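Written out below as structure tokens is the structure these notes cover.
A quick note: this is a predicted structure, and the numbers were derived from the prediction, not measured. Protein chains get the first letters and strands the later ones, always in sequence-line order, with residue 1 at the start of each.
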Protein chains: 2
Amino acid sequence: MRNKPLRERIIETSLRLFETYGYHNVSVDQIVKECGTSKGGFYHHFSSKDELLYTIHDQFITYVLEKGHAAYNEWNTPTERLRAIAKSFVVMIDLYKPEVTIFYQESHYLSSDYFPNIVAKRDQYKDLIIKVLREGVECGEFHPQLPVTMAAMFIFGAVNWIYKWYKPDGKYTIETISDIYADLILRMVLSPECLSNYSFFGFLETD
Amino acid sequence: MRNKPLRERIIETSLRLFETYGYHNVSVDQIVKECGTSKGGFYHHFSSKDELLYTIHDQFITYVLEKGHAAYNEWNTPTERLRAIAKSFVVMIDLYKPEVTIFYQESHYLSSDYFPNIVAKRDQYKDLIIKVLREGVECGEFHPQLPVTMAAMFIFGAVNWIYKWYKPDGKYTIETISDIYADLILRMVLSPECLSNYSFFGFLETD
DNA sequence: GTTTGCAGACCAACTGGTCGGTCTCTTTAT
DNA sequence: ATAAAGAGACCGACCAGTTGGTCTGCAAAC
């Protein structure tokens, strides 16, 4: 930690502080003190506190987007792809809890210079889900009348919301959660024929 | 507007300002200027800017909770109840857009004095959904192995997320959205037998 | 006359950001 | 090989602006 580049140390420290206290309750002074640097050091690496927030956002959303595309390319059918994307997203929430929290809690405070960039990438992710859903409808795996845009927003919301309640040491492991969520999603979109080929929630009893 | 009680005017004004610029980007000076009062007037009705935020939160969550229980009592089967609760929640998002936005964007900035109260009421709403789901599983309308807690969080997230993208003058009316979402939810939770009794998404073609 | 509802000048604290300067390491000239 | 020169990383005292909140005053209501 001590000999990591200062820039990284600032990001890591502010990640922790922002997650705990919120962006607006953490001052630059606090950040630099906490990671043993100075105002000068901070403003040498970031042009403003706002740019730091942007950097955090961008690093995170870029990573998520990559993972999404990777999951898409790794599989060949819409059903498998949807499951893979959903699962990878849920697991990511566990790995990047602070980033996720800050991303969703503070993104509306991004200055207008940085905002469009982030929104664009977020939309790309949404479009990926829509694409998978549409391909699934076309090849008959998903329900023929599925309203794909709405379904995509529905799924996106459900999965995103996890960060609001997920606790790493809670009752359910992230793996279990991701399995359940994937099942719920598939139950929702699969066509009647494909639906009967699957058995859902087999691995646990009602709680 | 002019002759409404000052307290209400302050709330309405700050609702508008908070939604547009965010809680932290709106100063008390701005609020009092915008609704034609003064610092004295403001602090006569609210002990702090924080209490104003709490008041907004509490008014809103109390209303939502009431609506949820009303929807529950109005119907008799889990399926109808779940549909009614979901629909009423979605429609509420349209009616109370500023309140919803502020609630979800700023609730983590509530001071610790007020926070527990809000969390308690939010949990009550979550418990209501869990209750309906559990009753549905017990009477056989919903899937026997449905993980009710997870399903509740899933539904809660999906529906809540709407405020992030919904535009009153967008492509879909709030009525259409609420119908689609209710269908998606029921497809997800219904038992195989009950599922086949319904036709879903009948009212529109794939988009 | 006393309480209530509001006005607005005022303040202490804190904030993000600046700026001149130092220290270290690399490059170049001799 | 060594000295000179330059560049990049970092320091920390300082500043101007803004913020939430207070306080005295005053006019109307009871």
How would you list, by chain and number, every residue that makes a ring-ring contact (aromatic ring centres under 6.0 Å, His included) with [X], sequence neighbours excluded?
| X | result |
| --- | --- |
| Tyr23(B) | Phe18(B) |
| Phe103(A) | His57(A), Phe60(A) |
| Tyr114(A) | Tyr54(A) |

Please list, in 5' to 3' order, the outermost nucleotides of DNA chain D lying under 4.0 Å from any heavy atom of chain A.
dA9(D) to dA13(D)
With sequence neighbours left out, what residues match Tyr109(B) under side chain to side chain donor-acceptor pair (under 3.5 Å)?
Glu106(A)
In chain order, what residues pass the side chain to side chain donor-acceptor pair (under 3.5 Å) check against Ser38(B), with sequence neighbours excluded?
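Partners of Ser38(B) by the side chain to side chain donor-acceptor pair (under 3.5 Å) criterion come out as none, since no residue qualifies.
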Within the pair His44(B) and dC6(C), is there a side-chain N or O less than 4.0 Å away from OP1 or OP2?
no
Letter by letter from the 5' end, nucleotides 15-22 of chain C scores (B base, S sugar-phosphate only, - none; protein heavy atoms under 4.0 Å) SBBB----
With Pro168(A), which residues qualify under side-chain contact (heavy atoms from CB on, under 4.5 Å), at least two apart?
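If we apply the side-chain contact (heavy atoms from CB on, under 4.5 Å) test to Pro168(A), skipping adjacent residues, the hits are Asp94(A), Tyr166(A).
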In whole angstroms, the gap separating C1' of dA7(C) from CD1 of Ile31(B) amounts to 17 Å
Quick one about Glu80(B) and Thr77(B) (side-chain donor to acceptor, distance below 3.5 Å, no hydrogens or angles considered), yes or no?
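Yes, side-chain donor-acceptor contact under 3.5 Å.
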Show every donor-acceptor pair shorter than 3.5 Å between a side-chain atom in residues 68-75 of chain B and any protein atom, with sequence neighbours excluded, or say none if there are none.
residue	atom	partner	partner atom	Å
His69(B)	ND1	Leu65(B)	O	3.2
Tyr72(B)	OH	Arg81(B)	NH1	3.2
Tyr72(B)	OH	Glu135(B)	OE1	2.9
Tyr72(B)	OH	Glu135(B)	OE2	2.9
Asn73(B)	ND2	His69(B)	O	3.2

